[in-house]
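A short worksheet on the structure shown next.
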Amino acid sequence: MMRHRLPLSRLPRRGAHPIRTAVFSLLGMTALAAISAQAQTTTVVPPDAKAARQAQPWTQIPIPPLPAFHPEPPKRVELKNGVIILLEEDHELPFISGTIDIRGGSRDVPAAKVGLIGLYGETWRTSGTTTQDGDKLDDLLEAKAAKVETGGDIDSTSVSWSCLTKDEDQVFGIAVDVLEHPAFNDQKLQLAKQQAVAGIVRRNDDVEEVAQREATKLVFGADSPYAREPEIATVMSVTVDDLKAWHAKTVAPNNIIISVEGDFDSATMEKKLREAFESLPRGAASPKPGGEFAGPKPGVYFVNKEDVNQSNVWIVGLGTDRRNPDFYALAVMNEIFSGGFGSRLFQQVRTKMGLAYSVSGGYGASYDHPGMFYTTALTKSPTTVTATKAMLDEINDLKTKPFTDAELTSAKDQLLNSFIFRYDSKEKVLTEATTLEFYGYPPDFLEKYRAAVEAVTTADLERVAKKYIDPSKLAVLVVGNESQLGTPLTELNMGQPHPIDITIPMPAGMRQQMGPGN
Amino acid sequence: MRFLSAAHGFARVAALGTCLAIVGPAAKLAWSQGHASPDQASPDQANPGRFLADFNKRVTTKVLPNGLTLILCERPEAPVFSYFTIVDAGDANDPGGQSGIAHMFEHLAFKGTKDIGTTDYAAEKIALDKVEDAYAAYDTEYRKRVGRDEAKLKQLHDAFLDAQKDAEQYVIPNEFTEIADANGASGLNAETSLDATQYFWSMPANRLQLWAYMESDRIANPVPREFYKERDVVMEERRMRVDSNPIGRMVEQFLAAAYVAHPYHRPNVGWESELSQITATEAAAFHKIYYVPANITIAVVGDVKPGDMAMFEKYFGTIPAGPKPEEMTTVEPPQTAEKSVVIKEPTQPLYLEGYHRPDYRDPDDAVYDAIQDIFSNGRTSRLYRSLVRDQQIAAQAEGFSGFPGDKYPGLFAFFAVPDQGHTPQEMRAAIHKEIDKLKAADVSDEELAMFKTRARADLLRGLGDNEGLAQQLAIYQLRYGDWRELFNQLQKIDSVTKADIRRVANKVFVDTNRTYAMVEFEAPKPSAQQQSQAGAQ
């Protein structure tokens, strides 16, 4: 379940194919900000000079009250066998789309089989069903501009479908067939493996991917279910039986949430879903997430990349989860720290110092485990130490530089005035409800969030900054070109840098073909 | 969209040339996807003709006396709106020696105006003029080919830094974005391609007038404050996108080889030497020529009413008129021989090739879309089935039209990522085999029908989204002089025949019209390895 973003989780989504991601950004368009998640926010520290300034015509522009807007929450149905159904009608266009989310994902896979979920998510659909092969399904669905897809994530797998209203019965039927009668054939598994391996051997070519991956490992531990990476050996060890066993273990009604949005009548849709799923027998419940979260071993870590002229700097520690009552105060603190163009971090490192184009950060909060506290910037090799120091200063300032009323007002304005964009479409309303359902949060979490943010004071900010921001527990990661750094990393006064070896473990046969992993 | 296949995603993005597509809703509506086709066999519910009638009632357009085009589209699903401003000038319009200036100006457009972002504009103006004078003096000395005086250069640079510092005292940094954000702006960003510059965000509906004030003010009265700091920021953007990225390096060299005369040969972020010497004075000159109302189209979609047009006119009508910029004279001459770029470096192999094609106004434009769809759209596509599924030599293989742009004649390009153990040469051979097939035999009825059906559905899917709709309406209005072309393209799509596809393939996909680039793995040189003290690579 990574379809939704709240302000405490600004990390760009992982899992996008590194090659594609890189190409996208290089096909000839530059942008004001690196990713929209960073750009979507904020407010600024209004300088003291503001008091004695020229006229501000925009303050004279009337802002009428926003019309009341309370979109209908999805209809929720719970079947006797535990299936949860969420239905959101939307008749604007003649389309229907739905997702069947199933608990259990890559964090629940044994260490020797890391990569299994990616292979499962791919092979599940490409293999097709016991009666319709995957290639034929492709022809059938594409001819209708329809999709049935499967996928896997850190904590869930899914079957989803999308089609014109007129094709719903047939396309939904295929989705259910995929869920209940998957074929998992070995040929498609081999194809998926080959693609996975292609991704692994290329994973050091994109320096931003290297940095994000290694930063995550520092925080959670290299072997943690939240950080570990598929290796050629673990991918190659996965068998069709592994896929079938995973399917048998997880696809049980009591692990399933079905969300459907679009051009249908809820009563009719409910009836159809009941008919399809009501008779499924219960299975074993998905295990609750556990794990230990110690945070990084403080110090400076370095990855040398000789083909870059810019350093990726990450300063990282452990974050929190959203059940923490301080989540709201931390959300406001995040806005002030790194929320956007006017935030302290952006203002200093990008605007005033001109040291970076891409700069972001935040005290991250996940739904059912601690997120990551991170501050990151990309700066030219010779200014690596200068930029890192500036970033560390901003982190330290959270504890020492008082939060002003103006900062608080600005941050709240930003969070609250843009709040409507959390639920301004039926699709967003449904996605939010599904996410809360999946993690067992109350359905009014978003409403409470608004009220809680409104109540945050500067005293709250000061308190949470003191409680959660501890520079002595942070690790600094630099991925850059050592020969260009100029100022050595020891100037950060955090000890000798620990080199990180990112060599890709490669079976002997492949090493012959490829040369060393680079 | 939830169900975008990754392969198709590449094609879409390439067609529009946008990097934000990977994160923003813009991905929903790429340029080449705005086509659709009436499907004789389908019932009325999926017929875009029905939607055109509906849109005729919901859309109001107006060309203001100063030449600016405004489009307003009612979509009152929620009390919010999205806007999309497109300036018909991109980095293809950068004057000689100033590559990257259109993009540089885009950054400046967030630095505020005479009212926003300053404590005292009158005093700041004087200080900014001094910055320009000081920079010009430094720059003149810096560029001297003979007799440059290093001591004087340093002195001039110090004087420039002092002038810059003096001007900074009036700045309220990032106030423009601060106002937008504090008023609930969502998805605030801007993009520059070789073809155009575009600005966009969404806001709660009660901020419509505030938006009109801000957008019109920054078009009319941008102030190049903090220019040289921002230039440093953009230099970092170049390092990120091009210098430190293997695909970025390859694409830059590929385009430089593919085009000899037309400015599509330059990176839109600019060459390092030129970007690093752009001045605020030059950026202001660019603004004066290209940011005239006659060169700008703005679409607003959401909880707006035709009556809002009068308010828009009040703000946007005050932007001073100017002559529409001259059209470019340069036309890329026909290519007469195959060209190549071979990069050997310690990166995994890649392959890219391209063939010159006409611009988007060509009568065969929809035929190129058909070829793109048949080659690249999802798991039914020819390149996926051939290179990825059956031969198992590529992790990814796609063909896409309109790269690096389509306002001027662009390329139909092919990109392939070899599987582990396979080479760029194998990609090249396999792609050429597929091209030859397309030239020698008709596509199937099913392939052609699939293209038309998907194009129509993609158009419809895009209609339920303020941001994407604003983008589409603005782009179609600009490109065709009428937003209705978004729907009318259906006829062109529907009239594509198998014979058209073969004819175009035989015309365009010829050896002498081809440029290719490949990256071949080469182990790092030992001397470089020895320098590395911190971890083996």
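Within every chain, numbering begins at 1; the chains are lettered A, B, ... in the order of the sequence lines, protein sequences first and strands thereafter.
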Begin from the C-alpha positions of B:Glu236 and A:Arg350 and carry the test salt bridge (charged side-chain N to carboxylate O under 4.0 Å, His left out) through to its verdict.
CA-CA 10 Å; B:Glu236 293 291 358; A:Arg350 176 163 156 162; over 6 Å; no

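- Salt bridge absent: B:Asp232 and A:Lys380 never bring a charged side-chain N and a carboxylate O closer than 4.0 Å.
- Looking at heavy atoms from C-beta onward, B:Ile172 lies in side-chain contact with A:Arg53 at the 4.5 angstrom threshold.
- Within the 4.5 angstrom heavy-atom criterion, no atom of B:Arg238 approaches chain A.
- For a residue to count as touching a neighbouring chain, one of its non-hydrogen atoms must lie under 4.5 Å from one of that chain's; by this rule B:Val234 does not touch chain A.
- A donor-acceptor pair shorter than 3.5 Å can be found between the side chains of A:Asn309 and B:Asp243.
- A:Asp139 and B:Arg385 are joined by a salt bridge, as a carboxylate oxygen and a charged side-chain nitrogen come within less than 4.0 angstrom of each other.
- Checking A:Gln194 against B:Gln420 by side-chain atom types alone, no donor-acceptor pair falls below 3.5 Å.
- Side chains of A:Ser162 and B:Arg461: a donor on one and an acceptor on the other come within 3.5 Å.
- Annotation for B:Ala78 and A:Phe69: closest pair CB-CZ, 3.5 Å, computed over non-hydrogen atoms.
- A donor atom on one side chain and an acceptor atom on the other are not found under 3.5 Å apart for A:Asp138 and B:Thr380.
- Salt-bridge annotation for B:Glu168 and A:Lys352: absent, with no side-chain N of the basic residue lying under 4.0 Å from a carboxylate O of the acidic one.
- Inspection of the B:Asp115 and A:Gln56 side chains reveals no N or O donor paired with an N or O acceptor under 3.5 Å.
- Between A:Leu66 and B:Arg207 the shortest side-chain heavy-atom distance does not fall below 4.5 Å.
- Interface summary for chain B: among A:Leu416, A:Asp307, A:Val197, the most heavy-atom pairs under 4.5 angstrom belong to A:Asp307.
- In this structure, OG1 on A:Thr351 lies 4.0 Å from CG on B:Asn174, to the nearest 0.5 angstrom.
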Stepwise salt bridge (charged side-chain N to carboxylate O under 4.0 Å, His left out) test for B:Arg75 and A:Glu92:
CA-CA 10 Å; B:Arg75 189 174 168 270; A:Glu92 186 182 11; 2.7 Å; yes

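- A side-chain donor-acceptor contact under 3.5 Å links A:Tyr357 and B:Arg241.
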